Each structure stands twice: as structure tokens, then as C-alpha cells.
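Okay, structure first, notes after.
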Amino acid sequence: MHPLYLFNTLTRKKEEFSPLEPGKVGMYTCGPTVYQYATIGNMRSYVFADILRRVLEYNGYSVKMVMNITDVGHLVSDADEGEDKMLVAVGREKKTPWEIAKFYTDAFMRDTARLNILRPSVVCYATEHIEEMLEMVVDLVEKGYGYETSDGIYFDISKFPSYGQLSGIKLEEQLAGARVEQNPEKRHPADFALWKKAPKEHIMQWPSPWGMGYPGWHIECSAMSRKYLGDQFDIHTGGVDHIPTHHENEIAQSQCVTGKIPARFWMHGEFLLVDGGKMSKSLGNTYTLDDLIARGFEPLAFRYFCFSAHYRSHLNFTWSALESAQKGLRSLRAAVQKAAREGEKPGAEEKVEAFRQAFLEAINDDLNMPRAVSVLWEAAKADLGRGLADLAGDFERVFALDLLTGPAADDRPLDISELPQEVVEILEERKLARQAKDWAKADLLREKLREMGYQVKDLKDGYEVTRIPR
RNA sequence: GGCGAGAUAGCCAAGCGGUAAGGCAGGGGUCUGCAAAACCCCGAUCCCCGGUUCGAGUCCGGGUCUCGCCUCCA
């Protein structure tokens with residue numbers, strides 16, 4: 001057996017994982033804010049969370065995975081100059097915030113499904129948990145951690161001395177280059193809103209002890225993780241950008257209510273870069289899964305691409321890198337699917353077991369997917385016969401790349417009946433040309449077929465045709 | 001200004017003290033009328049300078065460069 005090691009942001013080192021309750025794992029994943037299409041950068045993050053969940057399950061744990069959908073919040077911008085994304089969406093699409101949220105939630109679910117990301121055990125919506133959030137806010141205020149200003153209820157950071165434990169940031173040092181504080185009523189610049197009072201025109205608002213309003217941006221995760229996973233659970237995941245503010249605030253709120261840091265392990269996925277630089281919604285250099293599909297790539301090629309770097313490393317997205325992933329995935333499938341048609345290979349069992357161990361060691365070493373993938377590649381070249389297909393089937397519980405069923409490099413030859421009449425005619429014409437040794441004409445016709453999307457392979461007598469991938 | 005990550009073959013990248021995984025691209029070969037596909041073979045001493053060690057991409061110190069976060073963002 002290989003124990004499972006996971007990197008914990010809280011302690012900054014790899015720790016051997018063991019759950020609070022034997023055999024069971026509770027994990028919470030910070031989900032999307034649904035006001036526009038998710039980017040492939042977002043998707044990398046959810047692929048990471050999915051891998052974590054699958055590796056836990058591969059290790060025999062029963063996993064309860066909870067993910068939030070932020071369908072409220074930040075409707076009115078905090079910064080005077082910042083634009084209000086949800087309002088922009090409302091204006092742009094002539095829909096209500098609820099319709100916008102529904103639309104992009106559906107889009108998100110579709111994208112994750114296309115990436116073979118398993119649906120979390122619980123998907124919870126912020127708007128359906130306003131009560132739970134208010135309970136926490138009230139509790140915090142009663143305990144003296146919150147205070148009221150003219151525009152909302154704020155968390156008093158000075159009452160929580162351990163603030164910053166996750167990111168290692170000292171508040172005093174943060175102030176120098178930080179954004180100019182806009183709200184003079186706050187006692188400390190880093191104090192954050194628990195609840196905001198809503199102006200009349202604000203679309204989404206709910207009653208509270210302080211009048212109509214809406215929740216702050218961090219309270220939903222504290223409230224919902226507590227509701228579904230309890231005061232303390234095993235793992236909390238998110239993107240690295242969540243470390244300094246969102247997760248610090250979440251810990252502060254939760255710990256002040258329950259006395260416990262909500263999760264024991266905090267895990268964060270690094271950013272996806274584009275052409276060596278930052279991808280961000282505000283820079284506009286983002287791609288969606290649909291953009292990749294429009295260029296002819298499979299969604300799963302992106303999933304495979306995500307495996308090329310460790311989750312705590314930057315991964316640089318370029319079209320040629322994706323191209324390389326697409327090709328690699330297809331030929332890996334070709335090897336696996338070919339093996340599935342073969343018989344048992346005497347003596348392969350031992351090797352198969354060794355590869356299985358190497359795989360387990362890789363994934364249990366803080367989810368080292370690049371290494372896990374290379375294990376399968378080595379297995380693919382080890383002459384295992386059917387054993388390779390069995391092995392791949394086992395690894396698929398984590399990879400989920402449709403290795404046994406997805407389109408492969410050596411796609412099966414097409415039958416005449418599957419081809420358009422025009423193509424058949426050209427094929428026959430070319431066959432005659434070849435018999436007549438009219439190579440120039442044969443080559444010309446082959447090129448013509450290629451342009452139509454078909455690859456001809458000449459056999460001793462006759463030919464086979466395959467569809468050119470993409 | 002503060003915090004952090006990283007620099008490994010053309011590209012994407014593993015490696016965590018014992019003489020550099022894997023993929024893509026490229027080159028050579030078998031096969032083919034030529035191709036395609038498949039299969040076989042081929043490539044780096046690891047940003048620079050010191051140090052520790054029998055031995056260092058791998059640890060320590062100092063540089064140089066790149067990137068991220070500190071502001072909604074995975």
C-alpha cells in the first residue's frame with residue numbers, strides 16, 4: 001500500500017492524509033460565480049478537484065463532495081470604478097439575475113460533464129441558503145465579531161488575531177500597496193462585509209435584522225460547508241487566488257462561530273497561463289471550452305492537457321500544447337483499444353501489477369498526474385497484451401479520458417455503406433488509376449479525398465478509408 | 001512596497017542527494033509505386049557564480065530573469 005500524501009496550504013507541506021471519520025471523506029469545493037461562461041482556467045481548477053475526489057475514491061474512501069454555485073453577490077460593485085459584472089450581464093442579455101444564473105449554471109454543468117468531471121454529491125446554491133448565512137452573521141454580531149455601518153455588517157478583523165494563517169500575510173505589511181480603501185466607516189481596511197444593506201434598486205435582496213439586504217461574498221461558503229459537512233470536515237479546495245482573501249475570511253468567520261478551522265486540509269490549484277502570461281476575465285484573453293471545440297479539439301484533450309503539469313504548478317496553455325495533448329491522447333487510446341482486442345499475454349500479470357503500484361504511488365504523491373500518465377505510457381510499450389486494456393480500465397477511475405471508448409488515432413476503417421456516394425466514386429476511380437499504374441492521378445485523387453476529410457490507406461489489394469480526426 | 005512560485009532538450013513537462021520519466025515536434029530505418037498508419041532506433045549535464053558532500057537539476061548562500069497574488073476572477 002502507498003499512503004496518500006496531500007499538500008496542505010495551511011501547513012505548507014505534504015501530509016499523510018487520514019479522514020476525521022474512518023473510510024469517509026467530506027470535501028468542499030469553491031464553485032463558480034455564474035454570470036458568464038467559465039473559462040478553461042476555471043475548468044483546470046475543477047479538473048483538479050475532480051482528480052482529488054477520484055483519487056480519494058480510488059483509495060477506497062467514500063467521498064461526500066459539496067460544491068457551491070454563487071448565484072448572488074456582488075450585484076453592486078464595491079469599488080466605485082469597478083464594473084458590475086452581473087448588472088452588465090443583466091443589461092446585455094435582457095434577463096433577470098435569476099435567469100442569468102440559471103443559464104450559466106447550466107452551461108457550467110454541461111462543460112464539466114463534457115470534461116468527465118463527476119457531479120458533486122451536493123450542489124448548493126447561495127440563494128437557497130440565505131437563512132443559514134444570516135444565522136451565522138447574527139451569531140457573529142452577538143459574539144462581538146461583527147459591527148454595523150451605514151451600508152452593512154462587517155467582520156472585525158482585530159478580534160481574530162490568527163487572521164492570515166493560511167497565506168502567511170501580515171496585515172500591517174499588506175497595507176502599503178493595497179488598493180485605496182473606499183469605506184471610512186470600516187474599523188480596519190481588511191474588515192470585510194458579512195451582510196450588505198441593499199439600496200432600493202438592488203434587484204436581489206432579502207429581509208434581515210438590519211432591513212433588506214444581501215449576503216457578503218464569503219459567508220456563503222462558511223454557511224453551506226457547515227450545513228452539509230459539519231463544523232469541521234476533511235478537505236477544502238479552491239484556486240490559489242482564494243488563499244489570501246476568500247479563504248482567510250472564510251476561516252475567520254467559521255472559526256469565530258464554531259471554534260474550529262472548518263477544514264483540516266486546504267488545497268489550492270495553480271493558475272493556467274495563456275501564452276506565458278495571466279489569463280483573466282478582465283484582460284479578455286480567456287478561452288472557453290466551446291472555443292476549443294470550435295477549433296476541433298475534444299473536451300477530453302483539455303482534460304488530458306491538464307495532466308501534463310502538476311496541479312500546484314503553473315500550466316502554460318498554447319494551441320500547440322493542446323494540439324500535442326490531443327494527439328497524445330488519441331495515440332494512447334489507440335494503444336489501449338488495440339490491446340483490448342488482444343489475448344492474455346503469458347507473464348504479463350506481474351508487470352501489470354508493477355505498473356499498478358507505480359500508478360498508485362504517483363497519484364498518492366499529492367496527485368502527481370504527469371507521473372501517472374507516464375506510467376500508462378510505459379505500460380503501453382511493455383507488450384502486455386490484454387493486460388494493458390485492463391490496466392487502463394483501472395486507471396480510468398482516475399483519468400476518465402474515455403481511453404477504451406473514445407476516438408483513437410487508428411480509428412476503425414469505414415465501411416462503403418458509411419461513405420457518401422461521391423467519396424465512393426473517387427475511391428473506385430483511384431483504384432482503377434492505381435491498377436493502371438497512373439500514380440500521378442492516384443496521388444491527386446488521394447489529395448482530393450484528404451481535403452474532403454478522408455484518409456486512404458492502400459493495402460496489398462484494395463484500400464481502407466478512415467475519417468481524418470478533427 | 002509586501003507575499004509567493006518558477007527557471008530541465010524545439011515545445012508541454014516529471015524528477016526532492018547517487019550519474020536526467022513521459023508526450024508532441026524533429027531525424028534515421030522497416031513497410032509502401034509514392035504515401036498514410038504502425039513498429040524500431042536517435043536527443044538535454046538541468047539560468048549564472050560560489051559553497052556543503054565521496055557524490056547535487058536535487059541542499060545552502062549570492063546573483064540574473066520570468067510569472068502569479070496583494071482588486072471580482074479557478
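Small disclaimer: the values here were computed from a predicted structure and weren't measured.
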Next item on the list: Select base, sugar-phosphate, or nothing to describe what A:Ser331 touches, counting heavy atoms under 4.0 Å on all strands.
Entry: sugar-phosphate
Checklist line | P spacing across the pair B:C59 / B:C46, given as an integer number of angstrom | finding: 15 Å
Note to self: What is the distance, to the nearest angstrom, from the NE2 atom on A:His242 to the P atom on B:C72?
What the structure shows: 11 Å
Next item on the list: Could you give the distance separating B:C24 and B:A56 at their C1' atoms, to the nearest angstrom?
Entry: 30 Å
Next item on the list: Could you tell me whether A:Val375 contacts a base, only the sugar-phosphate backbone, or nothing, with contacts defined as non-hydrogen atoms closer than 4.0 Å?
Entry: nothing
Notebook entry, point to check: If only atom types and distance count, is the side chain of A:Asn316 paired as donor or acceptor with the main-chain N or O of A:Asp275 below 3.5 Å?
Noted result: yes
Notebook entry, point to check: Less than 4.0 Å between a side-chain N and a carboxylate O, is that true for A:Asp106 and A:Lys102?
Noted result: yes
Margin query: Using atom C1' in both nucleotides, what's the gap between B:A44 and B:A20 to the nearest angstrom?
Written below: 8 Å
Check: Would a distance-only check, ignoring hydrogens and angles, find a side-chain to backbone donor-acceptor pair under 3.5 Å from A:Glu250 to A:Ile219?
Finding: no
Margin query: Taking B:G2 as the reference, what is the distance to B:U52 when you measure between their P atoms (whole Å, please)?
Written below: 32 Å
Margin query: Starting the side chain at C-beta, find the nucleotide from B:A21, B:A74, B:G33 nearest to A:Asp443.
Written below: B:G33
Margin query: What is the separation between atom CG on A:Leu376 and atom P on B:A14, rounded to the nearest whole Å?
Written below: 18 Å
Notebook entry, point to check: Okay, side chain of A:Arg450, backbone of A:Gln455: is any donor-acceptor separation there less than 3.5 Å?
Noted result: no
Margin query: Ring of A:Phe7, cation from A:Arg312 - is the NZ or CZ under 6.0 Å from the centre and inside 45° of the axis?
Written below: yes
Margin query: Taking the minimum atom-to-atom distance to the side chain of A:Arg446, which one of B:C34, B:A74, B:G4 wins?
Written below: B:C34
Notebook entry, point to check: Taking the side chain of A:Ala309 as heavy atoms from C-beta outward, which of B:C24, B:G33, B:A14 is closest to it?
Noted result: B:A14
Next item on the list: For A:Lys381, answer base if it contacts any base atom (sugar-phosphate contacts may also be present), sugar-phosphate if it contacts only those atoms, and nothing otherwise; contact means non-hydrogen atoms under 4.0 Å.
Entry: sugar-phosphate
Item checked: Parallel, tilted or perpendicular, as decided by the 30° and 60° cut-offs, for the rings of A:His268 and A:His247 -> tilted
Next item on the list: Pick base, sugar-phosphate or nothing for A:Pro244, based on heavy-atom distances below 4.0 Å to the nucleic acid.
Entry: sugar-phosphate
Margin query: Using the ring centroid of each side chain, check whether A:Tyr46 and A:Phe108 are separated by less than 6.0 Å.
Written below: yes
Check: Does OP1 or OP2 of B:C67 have a side-chain N or O of A:Asn316 closer than 4.0 Å?
Finding: no
Notebook entry, point to check: Quick one: A:His247 NE2 to B:C73 P, roughly how many Å, whole number?
Noted result: 10 Å
Item checked: Sugar-phosphate only, base, or nothing, as touched by A:His268 at under 4.0 Å among non-hydrogen atoms -> nothing
Note to self: Assess whether a salt bridge exists between A:Arg303 and A:Asp50, defined as any Lys/Arg side-chain N lying under 4.0 Å from an Asp/Glu carboxylate O.
What the structure shows: yes
Note to self: Side chain of A:Arg450, heavy atoms from C-beta onward: which of B:A36, B:A13, B:G22 has the nearest atom to it?
What the structure shows: B:A36
Note to self: Distance check, C1' atoms only: B:U58 and B:C3, in whole angstrom units.
What the structure shows: 25 Å
Note to self: With a 4.0 Å cut-off on N to O distance, would you call A:Glu378 and A:Lys351 a salt bridge?
What the structure shows: no
Check: Given that A:Ile40 and A:Ser374 both sit by RNA chain B, which one's nearest nucleotide is further toward the 5' end?
Finding: A:Ser374
Check: What is the distance from CD1 of A:Ile243 to C1' of B:A5, rounded to the nearest Å?
Finding: 11 Å
Checklist line | Side chain of A:Ser320 (C-beta onward), nearest among B:C11, B:G33, B:A74 | finding: B:C11
Check: Given the P atoms of B:C34 and B:G29, what is the spacing between them in whole Å?
Finding: 13 Å
Item checked: Pairwise C1' distance for B:G68 and B:A36, with rounding to whole Å -> 44 Å
Item checked: Whole angstrom value for the distance that separates P of B:C69 from NE2 of A:His246 -> 17 Å
Item checked: Same-atom distance (P) from B:G6 to B:C16, integer angstrom -> 14 Å
Note to self: Stem list for RNA chain B, please, built from Watson-Crick and G-U wobble pairs under 3.5 Å and keeping only runs of at least 3.
What the structure shows: B:1-7 with B:64-70, B:10-12 with B:22-24, B:26-30 with B:38-42, B:47-51 with B:59-63
Next item on the list: Using a cut-off of strictly less than 4.0 Å, decide whether A:Lys278 has a side-chain nitrogen or oxygen near OP1 or OP2 of B:C67.
Entry: no
Note to self: Applying a 4.0 Å non-hydrogen cut-off, can you work out what A:Gly238 is touching in the nucleic acid: base, sugar-phosphate, or nothing?
What the structure shows: sugar-phosphate
Note to self: Is it the case that the ring center of A:Tyr228 lies less than 6.0 angstrom away from the ring center of A:His129?
What the structure shows: yes
Margin query: Using whole Å, what does the distance between atom P of nucleotide B:G23 and atom CZ of A:Arg333 come to?
Written below: 17 Å
Next item on the list: Return the value, rounded to whole Å, for the distance between atom CD of A:Glu270 and atom C1' of B:C12.
Entry: 17 Å
Margin query: Closest approach to the side chain of A:Ser324, judged atom by atom: which nucleotide of B:A37, B:C69, B:G23 is it?
Written below: B:G23
Margin query: Categorize A:Ser313 for me: base, sugar-phosphate, or nothing, with a 4.0 angstrom heavy-atom threshold over every strand shown.
Written below: sugar-phosphate
Next item on the list: Among B:A74, B:C24, B:C12, find the nucleotide with the atom closest to the side chain of A:Trp377.
Entry: B:C24
Item checked: Of A:Arg434 and A:Pro32, the one whose closest RNA chain B nucleotide lies more 5' -> A:Arg434
Margin query: Checking understanding here: a glycosidic angle within 90° of 0 is syn, the rest anti, so what is B:G68?
Written below: anti
Check: A:Leu272 has a side chain; which of B:G15, B:A74, B:A37 sits nearest to it?
Finding: B:A74
Check: What is the distance, rounded to the nearest whole Å, between atom CD of A:Gln326 and atom P of B:G23?
Finding: 17 Å
Check: From B:A35, B:C73, B:A36, pick the nucleotide closest to the side chain of A:Asn42?
Finding: B:C73
Checklist line | A:Ala321 side chain, from C-beta outward: closest of B:C34, B:C12, B:A36 | finding: B:C12
Next item on the list: Determine, using ring centers only, whether A:Phe17 and A:Phe265 are less than 6.0 Å apart.
Entry: yes
Checklist line | Touch class at under 4.0 angstrom, heavy-atom based, for A:Tyr46 against every strand present | finding: sugar-phosphate
